[in-house]
Q: 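My questions all concern the structure below.
We use all heavy atoms of the structure for the numbers below, so side chains are in, but hydrogens, waters and symmetry mates are not. None of these values were measured; they are calculated from a predicted model.
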Amino acid sequence: MKLIFALFTGLVFGVGIAISGMMNPAKVFNFFDIAGTWDPSLAFVMGGAVILTLIGYRLVWRRNAPLFESRFQIPISSAIDARLVAGSAIFGIGWGIAGFCPGAAIPALGTGRWEVVLFLAAVTAGFYARRLVASSQPTTKAA
Amino acid sequence: METMFTPFASFGGGLLIGLGAVLLMLGLGRILGATGIMSGLVFADSRDEFSWRAAMVVGMILAPGLIFLVTGAMPELSVPVSPWMIVIGGVIVGFGASLGSGCTSGHGVCGLSRLSVRSIVAVPTFMFTAAITVYLIRHVFGA
């Protein structure tokens with residue numbers, strides 16, 4: 001039951017990604033290209049998603065526990081460290097080069113396009129690269 | 001390459017993305033972060049860690065097919081960059097998102113909705129570097 005629920009959750013998220021335009025790199029580039037062929041659509045994606053999640057999370061957290069687990073697992077760290085800032089800055093550069101982010105590319109696999117497979121293989125290589133160079137440092141190191 | 005301004009589809013898609021995030025919190029008590037889901041699959045150290053993420057990914061991948069069944073067309077996806085840019089961008093995305101502990105879905109949607117201080121730093125950081133990257137590639141190097 002838990003896995004069917006997880007699958008349904010992924011389907012809802014994926015349909016949202018597809019309808020929103022997030023899985024279309026041309027649209028992602030144009031969102032950032034304010035000096036050129038600007039298309040502000042993706043601001044509406046973030047707006048819609050954050051409004052619903054902001055309210056929905058608070059309703060869900062009135063419960064003592066989720067439906068299929070014994071507790072909520074929410075990150076508690078509030079450390080603004082070098083890893084967070086550098087990692088986010090690096091992620092943005094990659095997003096600006098390729099036009100895909102992981103949350104858009106996973107559902108985009110369902111279109112069967114080879115570019116998406118190539119991108120996700122490269123992302124996986126990036127995960128391994130991160131493990132090689134930065135796995136031994138503490139995660140809470142101050143910036 | 002111009003894209004159409006789609007505020008309603010993007011906002012509606014955003015609501016569904018948010019609904020997916022809220023459902024995952026309700027069912028499994030987890031943050032919906034695509035980077036965490038993907039790296040959790042790649043580096044899973046238990047069957048339990050693997051299975052719900054795999055189920056979610058299957059749901060996500062089914063989304064374009066569902067849209068095809070309902071509307072008769074696959075979601076729009078045009079990639080205006082070379083395969084090399086996809087590979088280089090993908091590696092950088094994987095490296096940065098795992099170092100920074102999140103991407104557009106984890107920090108952007110879920111983190112902002114939780115009012116997480118880390119995400120409030122991460123999101124403007126990656127939006128800024130993505131915009132600078134697109135500007136440099138399109139208007140300085142003229143690709």
Q: Relative to chain A, which segment of B:Leu28 carries a heavy atom at a distance below 4.5 Å: side chain, backbone, both, or neither?
A: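 Both the backbone and the side chain of B:Leu28 come within 4.5 Å of chain A.
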Q: How long is the span from the CG atom in A:Asn24 to the OG atom in B:Ser78, to the nearest 0.5 Å?
A: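 Reported value, rounded in 0.5 Å steps: 4.0 Å.
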Q: Using non-hydrogen atoms and a 4.5 Å limit, figure out which bit of B:Arg114 sits close to chain A: side chain, backbone, both or neither.
A: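 Interface part for B:Arg114: both.
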Q: Of the backbone (N, CA, C, O) and the side chain (C-beta and beyond), which part of B:Val121 lies under 4.5 Å from a heavy atom of chain A, both, or neither?
A: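 Only the side chain of B:Val121 comes within 4.5 Å of chain A.
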Q: For the candidates B:Val79, B:Leu19, B:Val93, which exhibits the highest count of non-hydrogen atom pairs separated by less than 4.5 Å from chain A?
A: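 The residue among B:Val79, B:Leu19, B:Val93 with the greatest pair count is B:Val93.
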Q: Can you tell if the side chain of B:Val58 reaches within under 4.5 Å of the side chain of B:Leu62, non-hydrogen atoms only?
A: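 Sidechains of B:Leu62 and B:Val58: in contact.
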Q: How about A:Phe31 and A:Trp38: are their ring centroids closer than 6.0 Å?
A: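 No - the distance between ring centres of A:Phe31 and A:Trp38 does not fall below the 6.0 Å cut-off.
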Q: Identify which part of B:Ser101 has an atom lying under 4.5 Å from any heavy atom of chain A, answering side chain, backbone, both or neither.
A: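 When you check distances to chain A, no heavy atom of B:Ser101 falls under 4.5 Å.
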Q: So, do B:Ile31 and A:Pro75 sit near enough that their side-chain heavy atoms are less than 4.5 Å apart?
A: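 When only atoms from C-beta onward are counted, A:Pro75 and B:Ile31 do touch, with a gap below 4.5 Å.
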Q: Most heavy-atom pairs under 4.5 angstrom with chain A, which of B:Ser116, B:Ala97, B:Ser119, B:Gly102?
A: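 Answer, by heavy-atom pair count under 4.5 Å with chain A: B:Ala97.
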Q: Relative to chain B, which segment of A:Val123 carries a heavy atom at a distance below 4.5 Å: side chain, backbone, both, or neither?
A: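 Contact with chain B: backbone and side chain both.
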Q: Among B:Val57, B:Leu77, B:Thr133, B:Val22, which has the most heavy-atom pairs under 4.5 Å with chain A?
A: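 Highest number of pairs under 4.5 Å: B:Leu77.
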Q: Quick one: of B:Met25, B:Met1, B:Met4, who has the most non-hydrogen atom pairs under 4.5 Å with chain A?
A: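 Answer, by heavy-atom pair count under 4.5 Å with chain A: B:Met25.
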Q: Thinking salt bridges, do A:Glu69 and A:Lys2 make one under a 4.0 Å N-O criterion?
A: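 Counted as a salt bridge, because a side-chain N and a carboxylate O are separated by less than 4.0 Å.
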Q: Side chain, backbone, both or neither: which part of B:Ser105 has an atom under 4.5 Å from a heavy atom of chain A?
A: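 Side chain only.
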Q: Could you go through B:Ile120 and B:Leu112, starting from their C-alpha distance and side-chain angles, then the distance that decides it, and tell me whether this counts as side-chain contact (heavy atoms from CB on, under 4.5 Å)?
A: CA-CA 6 Å; B:Ile120 291 167; B:Leu112 291 186; 4.0 Å; yes
Q: Counting the benzene-type ring for Trp, do A:Tyr128 and B:Phe95 have ring centres under 6.0 Å apart?
A: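 Aromatic pair excluded; centres sit 6.0 Å or further apart.
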Q: Relative to chain A, which of B:Leu23, B:Val134, B:Ile92, B:Thr129 shows the most heavy atom pairs under 4.5 Å?
A: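 Looking at each of B:Leu23, B:Val134, B:Ile92, B:Thr129 in turn, B:Thr129 comes out on top.
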Q: Hey, which of A:Thr111, A:Ile51, A:Ile55 has the most heavy atom pairs under 4.5 Å with chain B?
A: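 The candidate making the most pairs under 4.5 Å is A:Thr111.
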Q: Can you tell me how far the OG atom of A:Ser88 sits from the CZ atom of B:Arg118, to the nearest 0.5 Å?
A: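 Output value for this atom pair is 8.0 Å.
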Q: So what's closer than 4.5 Å to chain B heavy atoms on A:Ile4: side chain, backbone, both or neither?
A: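 No part of A:Ile4 comes within 4.5 Å of chain B.
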Q: Select, from B:Gly27, B:Gly18, B:Gly89, the one with the greatest count of heavy-atom pairs under 4.5 Å involving chain A.
A: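 Winner by heavy-atom pair count: B:Gly27.
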Q: Identify which part of B:Leu66 has an atom lying under 4.5 Å from any heavy atom of chain A, answering side chain, backbone, both or neither.
A: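 Contact with chain A: side chain only.
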Q: Which answer fits B:Val81, side chain, backbone, both or neither, if we ask what part of it has an atom under 4.5 Å from a heavy atom of chain A?
A: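 For B:Val81, side-chain heavy atoms alone lie under 4.5 Å from chain A.
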Q: Taking the six-membered ring for Trp and the full ring for Phe, Tyr or His, determine whether the centres of A:Phe72 and A:Tyr57 are under 6.0 Å apart.
A: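 Ring centres of A:Tyr57 and A:Phe72 not closer than 6.0 Å.
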Q: Check whether B:Met127 gets within reach of chain A through its side chain, its backbone, both or neither, counting any heavy atom under 4.5 Å.
A: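 It is both, since atoms from each part get that close.
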Q: With a 4.5 angstrom heavy-atom cut-off, which part of B:Tyr135 approaches chain A: side chain, backbone, both or neither?
A: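 For B:Tyr135, side-chain heavy atoms alone lie under 4.5 Å from chain A.
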